[in-house]
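Written below as structure tokens is the structure these notes are about.
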Amino acid sequence: MPVEQLGMLGIETRVALPVLLLSIRREHADKILSGQKLFELRKALPREPFTRVYLYESGGGGVVGYFEPGRILRKPVDELWLSVGDAATSHDRFQQYYSNAKSGVAVEVVNPVRFNAPISLDRLHKIEGFVIPQSFMLVRPGSKLYRALGVKGSVGPSTTLGKGPSIVAGSSPIRLRRIEQHEHPAYVQWVTAEIGKRYEEITPDFARHALAADGTAQDPFGFLTRKKQVLAIEDGDAQLVGFTTLTFKITGCVKSGPTILFPEFRGRGLGAKIRDAIEGYCRTKRAKKIYCTCPDNDMIVVKYLLRAGFRVEGHLRFQYSSKNGEFVFGKMLMVPAKPKSFSPERLVECGSFVSGDSLSSVSIRAFFRRWFGVGFCSVSEAFAEGAISGIDGAVGRAYETRPRLAYWLGRGKRCLGTVFLVPKRGGSVKGILLTGTSHQSSVSLLIRAAERWARSAGKRKMYFIHRNDDVFVVMLLGRHGYRVEGTLDSAYKSGIYHGVYGKMLT
């Protein structure tokens, strides 16, 4: 296991660890080093801990770079695909590679680095005993190959159970670390007070649920959330100056906020340095994009976000408050991929309302996975199951538990469409519309049902997020009075724009 996992067991470690040398094809090396491939697949790997993975480009390309190992997943083939999906490769390639295997290994790619000049094969051949690895080679500290690779920083960090990491961004004096238990009351107090000034329906539970989700493998309160981290912010003198919350999405993006800077530290230029530290930390986690929101009348925050290289991607009308609108800011941390042409194969088939119970759970999950993958991002069977099983009609539950309602469109036993409803704080409802039919009257049933429910729940606004190039759905939303309030770049799929389509109900 990686050395970080030793620390999770409470073991104090400070030892030089081996590194792994992988033989890999050029196309896969390029995808890893460009940030496109987030997991490297193998049929087997050593169980001994290693601290870095070097890439030997097969065909004589030499060692072209390296990455640090994150999670190492050893699972049966079917379970492995559900865990990594197309973050590793296409489904066809995955099936072909593991066609005769019962289990496999996936290494998460963290901080990939491409060498300015590869370590050439000629240089490697001069090392006594060097043999090109067929698949992998464990290179031990003190060996000639270890020194030739120029391994630095391969000493495992001193780790003690219960202490979180500190992150330093460049020369910035700002440090981020995991929040400690005794700081929880202060976090709840400050978030409730500061965020409650400009957002409606903010209670202490808003902050408490962020703390409850902190550090868990999956945020139980978020729909597209992979995990949440609450971080304390320290200055160069190790003084606590504030807090920030990072929400990691399954799409590879990170939402930043709320971020609190204590009043006595404001006006010193720390805001920009905090933003730099947050961005640097997100880069270490291989985030493709960072985004955040702020009220459209908070010009101090707007100015420093623009200076930090963010751009306005949306201006949402009365999104979280009846007094002001909301800006959505985004900044790409990786170059987005070139988008593929979009041509969903929908049937022109009339459907009617059906209950979820009348459709088989297998057919519902298959429909959800297919059309969520078309409209947003590929998801695992486990994600689909969790999303569907989390649906209920409970309007009175806490917002952080994300009460969700779904209407289903079907014909017989077949599912043709669905709309998921996610109530938000401040009076709005987010809709996720998935349709396998282009029968306008049938899909309109879902849109009207969503609006009726939102009005019955006392909400003032309904909005949908949908990819801009899905002409059928975008035009239908327009006919129902929805207007574009924002265009989100690569929020769900790299290179794809998603629009925010809003409609005031009151």
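Numbers here simply count residues along the sequence, with the first being 1.
A centroid separation of less than 6.0 Å is found between the aromatic rings of F243 and F262. Ring centroid separation for the pair F372 and F420 does not come in under the 6.0 Å cut-off. Aromatic rings from Y492 and F376 are positioned such that their centres are separated by under 6.0 Å.
E485 and R483 are not joined by a salt bridge, as no carboxylate oxygen comes within less than 4.0 angstrom of a charged side-chain nitrogen. E279 has no carboxylate O lying under 4.0 Å from a charged side-chain N of R275, or vice versa, which leaves the two without a salt bridge. Salt-bridge formation is not detected for the pair D276/K273: no Lys NZ or Arg NE/NH1/NH2 atom is positioned less than 4.0 Å from an Asp or Glu carboxylate oxygen. Between D489 and K289, none of the side-chain N atoms (NZ, or NE/NH1/NH2) sits under 4.0 Å from a carboxylate O, so this pair counts as no salt bridge.
In plain terms, the two heavy atoms of F115 and V63 that are nearest each other are CD1-O, 3.4 Å. Counting all heavy atoms, side chain and backbone alike, G104 lies closest to L80 at C-CD2, 3.7 Å. Taking all atoms of both residues into account, the shortest heavy-atom contact from T487 to V484 is OG1-CG1, 4.3 Å. Looking at every heavy atom in both residues, K430 comes nearest to M462 through C-CE, 4.1 Å.
Residues satisfying the salt bridge (charged side-chain N to carboxylate O under 4.0 Å, His left out) criterion with R26, sequence neighbours excluded, are E57. For V109, the side chain to side chain contact (heavy atoms under 4.5 Å, CB included) partners at least two apart in sequence or on another chain are I32, F67, P112. The side chain to side chain contact (heavy atoms under 4.5 Å, CB included) test applied to V328 returns T293, L316, L488, not counting sequence neighbours. Looking at residues two or more places apart in sequence or on another chain, you find a side chain to side chain contact (heavy atoms under 4.5 Å, CB included) between S135 and R42. Listed by chain and residue number, R198, Y199, N297, D298, N324, E326 satisfy the side chain to side chain contact (heavy atoms under 4.5 Å, CB included) test with P295 (two or more places apart in sequence, or in another chain).
Side-chain atoms of V139 and Y54, non-hydrogen and from C-beta on, never get closer than 4.5 Å to each other. Considering only heavy atoms from C-beta on, I24 comes within 4.5 Å of E40 through its side chain. Looking only at side-chain heavy atoms (C-beta outward), L176 and I233 come within less than 4.5 Å of each other. A heavy-atom distance below 4.5 Å is found between the side chains of W371 and P344. Looking at Y497 and D469, their side chains never come closer than 4.5 Å, going by heavy atoms from C-beta outward. Looking only at side-chain heavy atoms (C-beta outward), E48 and P18 come within less than 4.5 Å of each other. At least one side-chain heavy atom of R266 sits under 4.5 Å from a side-chain heavy atom of P263. At least one side-chain heavy atom of L306 sits less than 4.5 Å from a side-chain heavy atom of F329.
Using bins of under 30°, 30° to 60° and over 60° for the plane-to-plane angle, the ring pair H91/W81 lands in the perpendicular bin. Below 30°, between 30° and 60°, or above 60°: for F464 and Y482 the angle between ring planes is above 60°, a perpendicular geometry.
Annotation: cation-pi pair K43/Y97 present, NZ/CZ under 6.0 Å from the ring centroid and within 45° of its normal.
The CG atom of L21 sits 9.0 Å away from atom OH of Y56, with the distance rounded to the nearest 0.5 Å. The distance from atom CG of L211 to atom CD of E183, rounded to the nearest 0.5 Å, is 10.5 Å. With rounding to the nearest 0.5 angstrom, the CD atom of E234 is 4.0 Å from the CZ atom of R177.
Summarising the local packing, CD1 of I300 is surrounded by 12 or fewer heavy atoms from other residues, nucleotides or ligands at distances under 6.0 Å. The environment of CD in E264 is crowded: more than 12 heavy-atom neighbours from other residues, nucleotides or ligands sit within 6.0 Å.
Remark: side-chain polar atoms of S428 are paired, donor with acceptor, to backbone N or O of Q319 under 3.5 angstrom.
Within the structure, no pair that satisfies the ring pair (Phe, Tyr, Trp, His ring centres under 6.0 Å) test touches residues 289-313, not counting sequence neighbours.
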